[in-house]
Amino acid sequence: MIKYEIKTGSSFLNKKAREQRDGIYKPTLKGMHCRKCSSDTIIEFVESGGNYVKAKINPCCSGFDTRIREKLCPNKNG
């Protein structure tokens, strides 16, 4: 299961993180689960340089990490 955590410390950045989570991550990753592990994958939204928010993916295993990244960036080579 994929769980989301917002840890920015700022209400402005928390709002940006919720927008990213609800607009990009949840719709794109909906229904995904790891076939091998029973532990959760945590996607943390953290502050990145002032007015930016980045998602830090803490996968349950490397295989699921690869699947998530391929789903989020399907056109990325390598």
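Only this structure's heavy atoms are used, side chains among them; waters, hydrogens and symmetry mates stay out.
Side chains of H33 and M1 form no contact here, defined as non-hydrogen atoms less than 4.5 Å apart. In this structure, V46 and Y52 have side chains that are not in contact, with every pair of non-hydrogen atoms separated by 4.5 Å or more. Using a 4.5 Å heavy-atom cutoff, the side chains of N58 and I43 are not in contact. Within the 4.5 Å cutoff, no side-chain heavy atoms of F64 are placed close to those of R35. In this structure, K71 and L29 have side chains that are in contact, with non-hydrogen atoms separated by less than 4.5 Å. Proximity of L72 to Y25: side-chain heavy atoms (C-beta onward) are separated by under 4.5 Å at one or more points.
Side-chain atoms of S48 never come within 3.5 Å of backbone atoms of K54 as a donor-acceptor pair (strictly under, hydrogens ignored).
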For residues 5-14, run the donor-acceptor check on the side chains, cut-off 3.5 Å, and write out each pair with its distance to 0.1 Å, sequence neighbours left out.
{"from": "E5", "atom 1": "OE1", "to": "K7", "atom 2": "NZ", "distance (Å)": "3.2"}
{"from": "K7", "atom 1": "NZ", "to": "E44", "atom 2": "OE1", "distance (Å)": "3.4"}
{"from": "T8", "atom 1": "OG1", "to": "S10", "atom 2": "N", "distance (Å)": "3.4"}
{"from": "T8", "atom 1": "OG1", "to": "S10", "atom 2": "O", "distance (Å)": "3.2"}
{"from": "T8", "atom 1": "OG1", "to": "N14", "atom 2": "N", "distance (Å)": "3.3"}
{"from": "T8", "atom 1": "OG1", "to": "N14", "atom 2": "OD1", "distance (Å)": "2.3"}
{"from": "S10", "atom 1": "OG", "to": "F12", "atom 2": "N", "distance (Å)": "3.3"}
{"from": "S10", "atom 1": "OG", "to": "L13", "atom 2": "N", "distance (Å)": "3.3"}
{"from": "N14", "atom 1": "ND2", "to": "S10", "atom 2": "O", "distance (Å)": "3.4"}

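Note: K3 NZ to I42 CD1 = 6.0 Å, rounded to the nearest 0.5 Å. Note that CD1 of I2 is 9.0 Å distant from SG of C60, once rounded to the nearest 0.5 Å.
Between I57 and R69, the shortest heavy-atom contact is CB-NH2, 3.9 Å. Annotation for R21 and P27: closest pair O-CD, 4.0 Å, computed over non-hydrogen atoms.
Note that K56 lies outside the cation-pi zone of F45, set by a 6.0 Å cut-off to the ring centre and a 45° limit from the axis.
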Would V53 and E47 count as a side-chain contact (heavy atoms from CB on, under 4.5 Å) here? Give the steps.
CA-CA 5 Å; V53 175; E47 182 178 351; over 6 Å; no
